**Q** 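Let me begin by handing over the structure; questions about it come next.
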Amino acid sequence: MCKGLTSATFLNKIYCNAFGKLAVGKTRYGLMLREDGIAMDDGTAGRLAEDHFVVTTTTANAASVLRHMEFARQCLWPDLDVQLISTTEAWAQYAVAGPNARKLLEKVVDPEFDLSNEGFPFMACSNIKVCGGLRARLFRISFSGELAYEIAVPTRYGDAMIRELMQAGEEFEVVPYGTEALGVMRIEKGHAAGNELNGTTTALNLGMGKMVSKKKDSIGSILSEREGLKSEDALKLVGFKPVDPKNPVPAGSHLMTLGDPVDAAHDQGYVTSACYSPSLKCSIAIGYLKSGDARKGEIIRLVSPLTGFDHNVEVVSAHFVDPEGERLRA
Amino acid sequence: MHRLKAITALGGTEPRVDQHGPITLSEKSGFALASVAARVGGTKATTMAIKRLTGAPVPGPGQTNGTKITAFWTGPDQWMLEAPYNSHEKLFEQATAEVKGKASVTEQSDGWCRFDLQGEGLSAVMERLCAINMHNFEAGHATRTSIEHLGCFVICRTKTHISILGPRSSAGSLHHGLLIAIRSAY
Amino acid sequence: MIINHPILGPRDSAEFTYMGDAALLDRPDWQAKDALLQFIDYGYLRDNPAGPHTELWYHEQGDRSFLVITRDTTTHEISSVKLASDVARGRGRSK
């Protein structure tokens, strides 16, 4: 939670992309860099009022991001009007995802709130009421790539809320989904997670180089301009599909240009996240490849001396499923 | 009134009470919390607002004050308000109205679990749990420290009554730690 | 180690997180002509004194204040403790 009269100015310094003009009632994806230009964390920030943002982080980074923001607030910009407090524990938040997500929520959210695609479009956020008057928050954000919402209620009602959602969803055959399923869906979408934000990668590597605004002062912006981080053949996040669909594309494997010797000097990159994709009916993966964005369609050699894998994979876009994001906006 | 039923931080429908030796350990669920952080230039207005809400002088560092609504100091220019949930479910709205934009107010009622330790000889228990100097920790004192690696607020109501507020999702671990300390002491 | 917090008095160092050299307060001007070189110095160059060292400690399990502490690296004796926000203002970091 980030409040205060200059909270937008503050978030503009914390995130490398622009936040100053985010409209009230809207959420935006934000990328935080360390001062050395390496990606630190990503998440969304929703603007519930002119002076009130809800900042989300990777779950495991919540404490370290708050620490980083407190450092910026107290040590770097001590006279900005911004107040921070953790609200992680205060809300129980559920993702409701899939083509019937809106229909399900309409049974739970109080009728005075308009959930239509026009009334509550992709990336909207709002204070709402549910189940006959309970205060709640709704965010139309999606990590899974589906039409999705995240709904938050006071923690003491979290248990009752999930029961309510499951009951309301019975007619749509709703199922609980865990992080394993989410992990597959986010790879199919090419969404970065901890494996990609691994402490060595920049916005450029993630394919978000253009997001780093040069019109403002943000942490990490200047040092991300270092020569070594901007080389012509910098690693770029891409997708991989096995040439023989029976083969896996295991994470940790290294990538070699066909015909090159298999040694560190010729290393072209590595696989970060892999899964079997039920949508594509084969194993898929995302990872970093030198000049990867310019090599789509190339067949390269995947090697893993540790496990003995040695076969060819095709370089593809990391966005395997719904690359235009039509499901999100449905 | 909405149709959802609340559970306590330990997951029950009723708060849990444990008794061991001279000490009673009670889970508390009926409290509302709101944090108040003064905005730039708003310290005076914020302290006046807290005074109006609590009917008592604003607590300084390490202190708590108030009657129906109480406040305790949580950091430079920051306080937490606490009140009974039944009568003050809308503590957040009440405080927001009172500070008139001079402070940021945040709903915290569900962010914390609360356990109360009551009985003679609380020092022996507390000294096993944290680094607070129990020799001069008296009624009206409140501080944040680490208990079982969790950041907790410790509030001294009277010499025989201490409240511990910890992160709600770690309620089970905190409760276990408190029980172990009581059993160790007695 | 006991840290004499300027607001809260003596507190166990276990409540704090060490956050490195207090030179981190002196973040360069992003619009300076040689900003890149200045930021490289800011990011990577540290003194490593055997003796008094000025450093940041974060009262993470307390009131969340950042403190600027002068600690002798050979004895752990602490000779000065200040609120980092006050020090930052003193070094011209307002606005």
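Lettering follows sequence order; numbering is per chain, from 1. What's counted below: heavy atoms across the whole structure, side chains too, no hydrogens, waters or symmetry copies. These numbers were taken from a predicted model, which means no experiment stands behind them.
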**Q** Can you confirm whether A/K107 is buried at NZ, in the sense that more than 12 heavy atoms of other residues, nucleotides or ligands lie under 6.0 Å from that atom?
**A**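 Count over threshold, so yes.
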**Q** A quick test of your reading: do over 12 heavy atoms of other residues, nucleotides or ligands sit less than 6.0 Å from NE2 of B/H20?
**A**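 Above 12, so yes.
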**Q** Between A/M1 and B/T106, which heavy-atom pair has the shortest distance, and what is it?
**A**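 Nearest pair, atom of A/M1 first, then B/T106: CE-OG1, 3.2 Å.
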**Q** By a 4.5 Å heavy-atom criterion (distance strictly below it), what part of B/S29 contacts chain A: side chain, backbone, both, or neither?
**A**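 B/S29 touches chain A through backbone heavy atoms alone.
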**Q** Minimum heavy-atom separation for A/G4 to B/S104, with atom names?
**A**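 Looks like N-OG, 3.8 Å.
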**Q** Please classify the contact of A/R163 with chain B as side chain, backbone, both or neither, using a heavy-atom distance under 4.5 Å.
**A**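 Neither part.
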**Q** For B/V40, is there any backbone N or O sitting under 3.5 Å from a side-chain donor or acceptor partner on A/D81?
**A**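 Pair found, side chain donor or acceptor close to backbone of B/V40.
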**Q** Mark yes when over 12 heavy atoms from residues, nucleotides or ligands other than B/M134 sit less than 6.0 Å from its CE; otherwise mark no.
**A**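 Count over threshold, so yes.
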**Q** Chain A heavy atoms under 4.5 Å from B/Q78: which part of the residue, side chain, backbone, both or neither?
**A**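 For B/Q78, the side chain is the part near chain A, not the backbone.
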**Q** Return yes if some donor-acceptor pair links the side-chain N/O of A/E89 with the main-chain N/O of B/W112 below 3.5 Å, else return no.
**A**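 Pair absent, no side-chain N/O of A/E89 close to backbone of B/W112.
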**Q** Locate the shortest heavy-atom distance separating A/Q83 from B/A37; write the atom from each residue and the value.
**A**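 Heavy-atom minimum between the residues: CG-CB, 3.6 Å.
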**Q** For the NZ atom on B/K90, are there more than 12 heavy atoms of other groups (residues, nucleotides or ligands in this structure) within a distance under 6.0 Å?
**A**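 No.
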**Q** How about B/Q19: does its CD atom have over 12 heavy atoms from other parts shown lying under 6.0 Å from it?
**A**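 Above 12, so yes.
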**Q** Which atoms of A/L134 are under 4.5 Å from chain B, going by heavy atoms: the side chain, the backbone, both sets, or neither?
**A**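 Its backbone and side chain both get close to chain B.
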**Q** Are more than 12 heavy atoms from other residues, nucleotides or ligands located less than 6.0 Å from atom NZ of B/K51?
**A**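 Not buried by this count: 12 neighbours or fewer within 6.0 Å.
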**Q** Can you name the nearest heavy-atom pair linking A/A90 to B/D110, along with the distance?
**A**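 Here A/A90 and B/D110 meet closest at O-CB, 3.3 Å.
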**Q** Give a yes or no on whether B/K100 atom NZ has more than 12 heavy-atom contacts from other residues, nucleotides or ligands under 6.0 Å away.
**A**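 More than 12 within 6.0 Å, yes.
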**Q** Can you confirm whether B/H2 sits close enough to A/K129 that some side-chain heavy atom of one is under 4.5 Å from a side-chain heavy atom of the other?
**A**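 SC-SC contact between B/H2 and A/K129 ruled out.
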**Q** Could you give the distance from NZ (B/K102) to CG (A/L5), rounded to the nearest 0.5 Å?
**A**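 Rounded to the nearest 0.5 Å, the NZ-CG separation comes out at 8.5 Å.
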**Q** Picking from B/M1, B/E107, B/R39, which has the most non-hydrogen pairs under 4.5 angstrom with chain A?
**A**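 Answer, by heavy-atom pair count under 4.5 Å with chain A: B/R39.
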**Q** Please say whether the positively charged group of A/R135, taken as NZ for Lys or CZ for Arg, lies over the ring of B/F92, i.e. under 6.0 angstrom from the six-membered ring centre and within 45 degrees of the axis.
**A**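 Relative to the ring axis of B/F92, which defines the angle, A/R135 lies outside at least one limit.
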**Q** Would you please go through residues 42-53 of chain A and name the residues with a non-hydrogen atom below 4.5 Å from one of chain B, in numerical order?
**A**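 Heavy-atom contacts from residues 42-53 of chain A to chain B are A/D51.
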**Q** Please classify the contact of B/A9 with chain A as side chain, backbone, both or neither, using a heavy-atom distance under 4.5 Å.
**A**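 Contact with chain A: none, neither part.
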**Q** For B/E120, does the CD atom have more than 12 heavy-atom neighbours from other residues, nucleotides or ligands under 6.0 Å away?
**A**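 No - once you tally the heavy atoms of other residues, nucleotides and ligands closer than 6.0 Å, there are 12 at most.
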**Q** Count the heavy-atom pairs under 4.5 Å between each of A/A92, A/S86, A/G158, A/A160 and chain B, then report the option with the highest count.
**A**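 Ranked by contacts with chain B, first place is A/A160.
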